[in-house]
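Notes follow once the structure below has been shown.
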Amino acid sequence: MNMSFLDKWRKRPRADHSVSLVESVRADPGSVIELLSECELLRAQAAAAGVELDDSVRSLEALDQLQPVWRDDLEVVPWLGNDAGLYLGTVLVRTVRGAVWQVRPNGQPVVRLESGREIDVVQAGHDWADVGAPELSQLYAEASES
């Protein structure tokens, strides 16, 4: 996997000069989008439950139906929530016209809809992993109507 923005992070000539995620998105948006869509922990949990994550709305609905066995492991919940948010964002960006990844100055990835509305998908993923609400498919439906 060739991700040129990683080369910039590795080749820091001075300690005071770093490359932010914002700069990386500008320099190589395709690689950053690919990285954000990996969601390895979520994909492993879903596969173990027989759910294929194919970047479709149906896969969001299937995730909403999973038994939340991860809630018993307090170390897994934050990571899974992060992955769930990034996966929701991936589905939005790939299926909703005009939806794009944006990175806030603090480094937080969000999805910006054509209307200009920003969705903090990572926070939404954490809410879903923690308590199951709002459902990922519900968030998708609301965003796709905007």
Side-chain angles (χ1 to χ4, degrees), residues 1-10 12 18-146:
M1 183 181 321
N2 181 18
M3 292 186 244
S4 63
F5 72 92
L6 289 176
D7 294 335
K8 292 178 184 174
W9 280 343
R10 289 186 192 125
R12 288 186 248 186
S18 63
V19 177
S20 71
L21 183 58
V22 175
E23 293 173 75
S24 297
V25 169
R26 279 191 219 115
D28 190 0
S31 292
V32 174
I33 289 168
E34 186 177 331
L35 183 65
L36 293 175
S37 71
E38 284 185 4
C39 314
E40 191 173 320
L41 179 61
L42 181 69
R43 289 182 189 279
Q45 291 271 340
V51 174
E52 179 188 356
L53 299 186
D54 60 0
D55 301 345
S56 70
V57 180
R58 282 190 315 270
S59 66
L60 293 174
E61 293 166 352
L63 284 172
D64 289 335
Q65 300 305 311
L66 291 179
Q67 291 295 321
V69 295
W70 58 83
R71 290 191 192 132
D72 295 333
D73 189 340
L74 297 179
E75 290 185 24
V76 169
V77 171
W79 294 102
L80 191 72
N82 194 65
D83 276 10
L86 294 176
Y87 184 71
L88 171 62
T90 297
V91 175
L92 285 167
V93 167
R94 291 187 175 163
T95 61
V96 175
R97 195 178 115 243
V100 295
W101 282 108
Q102 291 270 275
V103 180
R104 291 180 176 159
N106 67 357
Q108 179 73 20
V110 297
V111 172
R112 180 181 292 264
L113 302 175
E114 194 171 51
S115 66
R117 177 180 166 212
E118 283 186 357
I119 301 172
D120 186 345
V121 292
V122 172
Q123 182 58 53
H126 283 281
D127 293 344
W128 176 82
D130 290 340
V131 295
E135 292 183 335
L136 298 174
S137 60
Q138 177 186 353
L139 290 165
Y140 177 89
E142 290 170 6
S144 65
E145 292 175 358
S146 297

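Below, all heavy atoms of this structure are taken into account, side chains as well, without hydrogens, waters or symmetry copies.
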Query raised in the report: Of T95, T90, V93, L92, which is the lone residue that meets side-chain contact (heavy atoms from CB on, under 4.5 Å) with D55?
Result: T90
Query raised in the report: Rounded to the nearest 0.5 Å, what separation is found between the CD atom of E40 and the CG atom of L86?
Result: 13.0 Å
**Report entry** Under 3.5 Å donor-acceptor, R71 side chain and A129 backbone
**Finding:** yes
Query raised in the report: Crowded around R58 CZ? As in, over 12 foreign heavy atoms under 6.0 Å?
Result: no
Query raised in the report: Considering all heavy atoms of both residues, which atom of R112 and which atom of G116 are nearest to each other, and what is their separation?
Result: NH1-O, 3.3 Å
Query - Minimum side-chain heavy-atom gap V121-P109 below 4.5 Å - result: no
Query - Spatial distance of atom CG (L80) from atom CG (D73) [nearest 0.5 Å] - result: 10.0 Å
Query - Exercise: identify the closest heavy-atom pair between E142 and R117 - result: O-NH1, 3.9 Å
Requested in this report: Answer yes or no: is there a side-chain heavy-atom contact under 4.5 Å between L88 and L139?
Outcome: yes
Report task. Determine the minimum heavy-atom distance between W101 and L36, stating which atoms define it. Result -> CD2-CD1, 3.7 Å
Query raised in the report: How far apart are the closest heavy atoms of L113 and A143, and which atoms are they?
Result: CD1-O, 3.5 Å
Report task. Can you measure from OG (S59) to CG (L53) and round to the nearest 0.5 angstrom? Result -> 5.5 Å
**Report entry** Chi angles and distances behind the side chain to side chain contact (heavy atoms under 4.5 Å, CB included) call for Q102, V111
**Finding:** CA-CA 6 Å; Q102 291 270 275; V111 172; over 6 Å; no
Query raised in the report: Within the side chain of D83, is there an N or O that forms a donor-acceptor pair under 3.5 Å with the backbone of L41?
Result: yes
Report summary line: Rounded to the nearest 0.5 angstrom, the CD-CG distance for Q138 and L60 is 12.0 Å
Query raised in the report: Which value, rounded to the nearest 0.5 Å, describes the distance between L42 atom CG and W128 atom CH2?
Result: 6.0 Å
Query raised in the report: How close do R104 and D120 get, heavy atom to heavy atom, and via which atoms?
Result: NH1-OD2, 3.9 Å
Requested in this report: Compare all side-chain heavy atoms of H126 with those of N82 and state whether any distance is below 4.5 angstrom.
Outcome: yes
Query raised in the report: Would you say the side-chain atoms of E61 and Q65 include a donor-acceptor pair closer than 3.5 Å?
Result: no
Requested in this report: Taking all non-hydrogen atoms of both residues into account, name the closest pair between W70 and Q45 and its distance.
Outcome: CE3-OE1, 4.1 Å
